[in-house]
Protein chains: 2
Amino acid sequence: MSLSHTDLPGSPKPNERDCQATRKILDRVADKWSLYVITTLQGGSRRFNELKREIDGISQRMLTLTLRGLERDGLVTRTVFPTIPPRVDYELTELGRTLLEPVMALVAWADKNTQAIAEAQRRFDEEPKPEQATIQGVVYQRL
Amino acid sequence: MSLSHTDLPGSPKPNERDCQATRKILDRVADKWSLYVITTLQGGSRRFNELKREIDGISQRMLTLTLRGLERDGLVTRTVFPTIPPRVDYELTELGRTLLEPVMALVAWADKNTQAIAEAQRRFDEEPKPEQATIQGVVYQRL
DNA sequence: CAGGATCCTTTCAGATACTG
DNA sequence: CAGTATCTGAAAGGATCCTG
């Protein structure tokens with residue numbers, strides 16, 4: 001499922017269409033901000049600025065773009081109330097709520113393994129680098 | 001960001017440390033290439049170029065970077081065989097295999113809902129844009 | 001309040017060349 | 001084979017200003 005190269009004639013393409021489709025969905029779902037928006041909308045509908053406040057670090061621009069993408073994919077509904085000041089509510093669709101289950105499983109996994117990963121990182125970072133070598137307990141610096 | 005708990009009103013930063021940690025993990029896991037590498041390693045250990053061939057569209061550089069990140073997080077092991085030519089095997093760790101379950105659930109979801117999303121996109125893209133308005137069945141172009 | 005439009009900087013990622 | 005190093009164009013993303 002090459003994205004943009006010339007496919008050689010004769011190259012086997014099992015079911016390239018499905019692969020690309022699945023891939024595109026994963027690209028969206030695997031997106032950092034999408035994930036945050038979805039989990040935040042778990043608690044029910046939110047207004048634009050509520051989302052912005054609850055999703056720490058997101059800019060107004062990225063929130064808009066992310067919401068548009070999710071809306072386009074049918075995962076989120078956008079409801080405009082023509083009041084002054086305007087009010088726009090975002091809510092998960094039925095499809096969006098089905099996505100919640102696998103996504104929350106992922107979040108739960110992350111929550112649970114925070115410690116283990118932090119320790120793995122510490123070990124990795126303390127490994128002797130190519131600039132160093134530890135020989136019989138003595139550290140040598142590469143010249 | 002309140003991914004896994006509710007923020008009490010009035011408490012500005014409940015336990016930001018845990019949130020940020022979870023967030024970092026999600027950032028890695030939600031990464032496009034990480035997801036592909038993990039699912040590809042589901043079938044057992046792979047060599048570098050095997051991964052490169054099976055993950056279509058990934059560059060050698062991104063594969064290296066992704067593998068380093070996963071190795072650092074303790075999700076993948078890297079085994080070097082000092083042969084000529086060299087051989088390096090990558091394999092999911094125990095921790096990495098526990099990640100497989102939520103990740104595969106996500107992939108299954110994407111697979112299952114490809115059609116629904118494609119239709120939602122089609123509907124969205126056919127909606128009258130701000131440049132157009134449909135009034136009583138007649139389409140007007142904004143000037 | 002909820003964005004759209006711009007500008008502008010930073011980061012990402014592909015292509016290429018080189019190495020043990 | 002399995003990388004590392006470097007360069008560069010493309011893209012992401014933040015900051016800011018403006019409007020219905």
Side-chain angles (χ1 to χ4, degrees), chain A residues 1-6 23-24 27-28 30-37 40-41 45-72 76-91 127 129-133 142-143, chain B residues 1 23-24 27-28 30-37 40-41 45-72 76-91 124 127 129-133 142-143:
Chain A
M1 57 192 167
S2 43
L3 283 176
S4 61
H5 74 75
T6 51
R23 178 174 191 150
K24 286 217 172 135
D27 283 351
R28 161 153 317 289
D31 175 60
K32 176 179 163 185
W33 296 127
S34 293
L35 220 46
Y36 293 132
V37 168
T40 304
L41 285 179
S45 78
R46 297 291 152 97
R47 301 179 61 170
F48 185 85
N49 274 345
E50 286 177 343
L51 285 171
K52 188 165 184 306
R53 246 175 282 116
E54 292 187 46
I55 302 172
D56 198 73
I58 196 170
S59 67
Q60 164 242 52
R61 184 172 169 276
M62 288 316 295
L63 181 54
T64 300
L65 291 177
T66 302
L67 286 170
R68 287 295 166 278
L70 292 173
E71 188 193 355
R72 178 168 186 264
V76 158
T77 57
R78 179 173 182 270
T79 309
V80 181
F81 298 91
T83 58
I84 297 175
R87 174 198 178 104
V88 180
D89 279 11
Y90 292 94
E91 194 170 8
E127 268 174 23
K129 303 289 172 294
E131 298 79 39
Q132 290 177 13
R142 197 172 87 177
L143 307 176
Chain B
M1 58 179 231
R23 178 175 191 148
K24 286 215 171 135
D27 283 351
R28 160 152 319 290
D31 176 60
K32 177 180 164 182
W33 295 126
S34 294
L35 220 45
Y36 293 130
V37 168
T40 304
L41 284 178
S45 79
R46 297 292 151 97
R47 301 178 62 170
F48 184 85
N49 274 345
E50 287 177 343
L51 285 172
K52 188 165 181 309
R53 247 175 282 114
E54 293 187 44
I55 302 173
D56 197 75
I58 196 169
S59 67
Q60 168 234 53
R61 184 173 169 276
M62 288 317 294
L63 181 54
T64 300
L65 291 178
T66 302
L67 285 170
R68 286 296 166 278
L70 292 172
E71 188 194 356
R72 178 168 185 265
V76 157
T77 57
R78 178 173 183 271
T79 310
V80 181
F81 299 91
T83 58
I84 296 177
R87 174 198 178 104
V88 181
D89 279 11
Y90 291 93
E91 194 172 9
F124 185 90
E127 270 175 23
K129 304 287 173 291
E131 297 79 38
Q132 290 176 13
R142 197 172 86 176
L143 308 178

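Chain letters run A, B, ... following the sequence lines, proteins first, then strands; residues in each count from 1. A quick note: this is a predicted structure, and the numbers were derived from the prediction, not measured.
The CG atom of D27(A) sits 11 Å away from the P atom of dA13(C) (whole-angstrom rounding). Between the CG atom of L63(A) and the C1' atom of dG14(D) there is a distance of 14 Å, rounded to whole Å. For F48(A) and dG20(D), the CZ to C1' distance is 15 Å, given to the nearest whole Å. Going from atom CG of L67(A) over to atom P of dC1(C) covers 17 Å, rounded to whole Å. Protein atom CG of L65(B) is 10 Å distant from nucleotide atom P of dG14(C), rounded to whole Å. Taking atom NZ on K32(A) and atom P on dG13(D), their separation rounds to 7 Å, with Å as the unit. Between the CZ atom of R61(A) and the C1' atom of dC17(D) there is a distance of 15 Å, rounded to whole Å. The NZ-C1' distance, from K52(A) to dG14(D), rounds to 11 Å in whole Å.
For the pair R23(A) and Y36(B), the cation-pi criterion (under 6.0 Å, within 45° of the ring axis) is fulfilled. Remark: R47(A) is not positioned above the aromatic ring of F81(A), lacking an NZ or CZ atom under 6.0 angstrom from the ring centre and at most 45 degrees off the axis.
Take the nearest nucleotide of DNA chain D for I58(A) and for V88(B): the residue whose nucleotide is more 5' is V88(B). The residue among T64(B) and W33(A) whose nearest nucleotide of DNA chain D is located toward the 5' end is T64(B).
Inter-residue side-chain proximity for R61(A) and L65(A) is flagged as met; some heavy-atom pair is nearer than 4.5 Å.
With dG14(D), dA2(D), dG4(C) as the choices, the nucleotide that has an atom nearest any side-chain atom of N49(B) turns out to be dA2(D). For R47(B), the listed nucleotide lying nearest its side chain is dA2(D); candidates were dA2(D), dA2(C), dG13(D). Candidate nucleotides dG14(D), dG3(D), dA2(C) were compared by shortest atom distance to the side chain of P86(A), and dA2(C) ranks first. Each of dC1(C), dA13(C), dG13(D) was ranked by its minimum atom distance to the side chain of M62(B); first place goes to dA13(C).
Remark: of the listed residues R46(B), R78(B), E50(B), R78(B) is the sole one forming a side-chain hydrogen bond (donor to acceptor under 3.5 Å, both in side chains) with Y90(B).
F81(B) comes within 4.0 angstrom of nothing in the nucleic acid, heavy atoms only.
Distances shown here put a side-chain N or O of Y90(B) below 4.0 Å from the OP1 or OP2 atom of dG3(D). Within the 4.0 Å cut-off from OP1 or OP2 of dG3(C), at least one side-chain nitrogen or oxygen of R78(A) is found.
Evaluation of atom-type donor-acceptor distances gives no pair under 3.5 Å for the side chain of Q60(A) against the base of dG14(D).
The two residues L67(B) and V37(B) make their nearest non-hydrogen contact at CD2-CG1, 3.9 Å.
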